[in-house]
2 protein chains.
Amino acid sequence: MPATLRDVAERAEVSVRTVSNVVSGYEHVSKRMRTKVLAAIEELDYRANPVARTLRTGRTGMLGLVVPEITVPYFSELARDVIDAAAEYGYRVMIDQTGHDHDRERQLLMGDDRTMLFDGLLFSPLVTKSELLDMHGSTKMPLVLLGEHEFDGRYDHVAIDNVAAAKDAVEHLVQLGRSRIAAIGTQPLEEYATPLQRSAGYEAALHDAGMDVRPEFATTAAHYSRADGYSAARSLLERSPQPDAIFCFSDLLAIGAMRAVFDAGLSVPEDVAVIGIDDVEEGRFARPSLSTVSLDTPYIAREAVGRIVTRIDDPATPAEEIVAPHRLVARESTSASQSQ
Amino acid sequence: MPATLRDVAERAEVSVRTVSNVVSGYEHVSKRMRTKVLAAIEELDYRANPVARTLRTGRTGMLGLVVPEITVPYFSELARDVIDAAAEYGYRVMIDQTGHDHDRERQLLMGDDRTMLFDGLLFSPLVTKSELLDMHGSTKMPLVLLGEHEFDGRYDHVAIDNVAAAKDAVEHLVQLGRSRIAAIGTQPLEEYATPLQRSAGYEAALHDAGMDVRPEFATTAAHYSRADGYSAARSLLERSPQPDAIFCFSDLLAIGAMRAVFDAGLSVPEDVAVIGIDDVEEGRFARPSLSTVSLDTPYIAREAVGRIVTRIDDPATPAEEIVAPHRLVARESTSASQSQ
DNA sequence: TTGTACGCGTTATCAT
DNA sequence: ATGATAACGCGTACAA
């Protein structure tokens, strides 16, 4: 059995109160007491029990980070940055995967008993229908939304301007002289905000360039995975006319799409230019390296953690919408000169 | 304030004992009582406080997973599988990043106060010097080691046969007819087990093939990252003679190495064949697709979680060494016919 | 089958 | 500055 505060108190011949003061770094402790206590702690190899502390203080020092899949590079990079940012505030992060499971999202949001472990929740939801958020109403768990969805004034929310980001990407393809610009990542359901906003940006850019929006060029992808990007691109290449550029709603989709282009005997960017969104490291080492829209994930993480921490300290803080910067990063997959 | 067990008891006009019985699924509760309690729970939106429960039972229902970096695909895929495996036993997983920080590894192993949150620890260490493990001795925290290190009989330990895996990879290059086979991933320090074992396999394969081990062909890599693979390969290509094959100690190194080969104006596999270890999804979509040694991560995760769970239930369980299967997966990066 | 009362290890309140 | 003691919310030994 590990030593308790009381054990230390007995050993040092002081009260538990004094030991607690020493442990929690309270100012007003006499030097003599402190050294006695410290010695006892050392001898007994005492370590504070975080569970008991939590029961008393009501704080766990843990944040929950909810993402669809930790294996998606964007989310693992986000997780890393959130973990780092949280550490600066003395918080630790527990990652929850929803695995594209709506029920799981709802459960976490409504607060199953495990959710109570967190002082706050950073939620990167797939589904952003307001009904989902309504469910969270009864819980008092501080909540910050990551990623796009319509801001309704109830919850803190940090994301990039998705419509603009998508538009920037497509305009880049237009400036390249491409005229048959396809998209991968639209969604048949109206449940998800990300695809809706990126579709809007895609169509707006085409419109501004005086191009038609061809419905057969806007293809769906269920999971923003490499495999989905591959099969979507494959079917796009069977169209005639073929697209001469593909805007993918995520880098992973783009990676899959590029592979499909090669397997069709064509090349990127000569035959088909490809661009994604996210700027994950994988794209920088791909062949050709992947053009993309970079999201400044460290910024997003810092802002999100900052918001949740202030909200934990003062639940009455008004909700805020934070727009993170994004910028186009042109690499080989959309370069004018051929890149082999 | 959330409702407590006592609130529910009052509302349902029964004792806390009965409520507790209902909540924890105790058998012998009369139907009438149960429905009354359930109704009260519903009305008050009661949720058991996991912290109080933990303080009482001594169990948190959480496992700690310690990895160097969550953004490394192998670790995020491992994390996903561990999370899934743990869920089947009713455990949740908290991921800890050590970020190549030895002190952090030591801290977690020795049990800082936060470590006490876990019922058990799955530890994928960089450093495997026995001294590190000695430190864990005083703690009673159940521990399972993931990944390679010498088995010393004290701790459960699940890993592949690293020497054999490396040997298989190199033999594959030999069978391809390559004769100047380099390696990326050796370590200058003797602190790490993985590079030592993979080096041993590399040298054994060369030896069996009657080839010399050229010291200048064995290059180091600090972090098994794409960037390190890139710069290591770059310097290898400056040697003369140039290597005609590179065995990388991880897929990420191999991804970086392939990119370096292309940037040098050479091609894979024609000029230089490349093979890695891990079988991460990224390699399957790379161009050319990456040959590798596949590790059966789900198996590793299942075994590790199974071990830790039995050890939690019975701390006296003797330590066991579990060797996970591996298999060579030949893809385009080592194919005999050119793959463009 | 159900009720009462105590303890898990800590922090906070009230004294001194 | 320090000591005694009451919570925090739950599980369970013991009693009924």
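The chains referred to below are lettered A, B, ... by the order of the sequence lines, with proteins before strands, and numbering in each begins at 1. Below, all heavy atoms of this structure are taken into account, side chains as well, without hydrogens, waters or symmetry copies.
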- In terms of heavy-atom contacts, A:Lys36 and A:Glu13 come closest through NZ-O, 4.2 Å
- If you measure from CD on A:Glu69 to NE2 on A:His100, what distance do you get to the nearest 0.5 Å? 3.5 Å
- Message: Nearest 0.5 Å, please: how far is OG1 in B:Thr54 from CG in A:Leu117?
- Response: 7.0 Å
- Give the intermediate values and the outcome of ring pair (Phe, Tyr, Trp, His ring centres under 6.0 Å) for residues B:Tyr155 and B:His136. CA-CA 10 Å; B:Tyr155 300 104; B:His136 182 261; 5.5 Å; yes
- Minimum heavy-atom distance between A:Tyr46 and A:Ala3, given as atom pair plus value: CD1-O, 3.2 Å
- Should A:Asp45 and A:Arg47 count as an ion pair when the cut-off is N to O under 4.0 Å? yes
- Task: Give me the first and last nucleotide of DNA chain C, going 5' to 3', that has any atom under 4.0 Å from a heavy atom of chain A.
- Result: C:dG9 to C:dC14
- Rounded to 10°, tell me the angle between the two end axes of the helix from C:dT1-D:dA16 to C:dT16-D:dA1, each built from five pairs. 40°
- B:Ala52 or B:Val29: which one's nearest nucleotide on DNA chain C is closer to the 5' end? B:Val29
- Item | Distance, rounded to the nearest Å, where B:Asn21 contributes CG and D:dG9 contributes P | 20 Å
- Do you know which two heavy atoms are closest between B:Arg92 and A:Thr115, and how far apart they sit? NH1-N, 4.4 Å
- Item | Pairing of A:Asp84 and A:Arg302 as salt bridge, 4.0 angstrom limit | no
- Message: Looking only at the side chains, is there a donor atom on one of A:Asp101 and A:Thr98 sitting less than 3.5 Å from an acceptor on the other?
- Response: no
- Using heavy atoms and a sub-4.0 Å distance, could you list which residues of residues 53-64 of chain A are near DNA chain D? By number, please. A:Leu55, A:Arg56
- Where along residues 36-50 of chain B does a heavy atom fall under 4.0 Å from DNA chain C? none
- Task: Please report the shortest heavy-atom distance between A:Ile70 and A:Gln97, naming the atom on each side.
- Result: N-OE1, 3.1 Å
- Tell me, please, which residues at least two apart from B:Thr57 pass side chain to side chain donor-acceptor pair (under 3.5 Å). none
- Message: Under a plain distance cut-off of 3.5 Å, with no hydrogens placed, do B:Asp81 and B:Thr297 share a side-chain donor-acceptor pair?
- Response: no
- Message: Rounded at 0.5 Å granularity, tell me how far CZ in B:Arg311 sits from CG in B:Asp119.
- Response: 14.0 Å
- Taking it one step at a time, do B:Val309 and B:Asp313 satisfy side-chain contact (heavy atoms from CB on, under 4.5 Å)? CA-CA 6 Å; B:Val309 168; B:Asp313 292 338; 4.0 Å; yes
- Query: If you look at every heavy atom in B:Gly153 and B:Ala319, which pair is closest and at what distance?
  - Reply: O-CB, 3.4 Å
- Starting from P on D:dG3, measure out to CZ on A:Arg6 and report it in whole angstrom. 14 Å
- Listed in order of residue number, which residues of residues 11-19 of chain A have a non-hydrogen atom at under 4.0 Å from DNA chain D? A:Val14, A:Ser15, A:Val16, A:Arg17, A:Thr18
- Would you classify B:Ser30 as touching base, sugar-phosphate or nothing, given that sugar-phosphate means primed atoms plus P, OP1 and OP2, and contacts are heavy atoms under 4.0 Å? sugar-phosphate
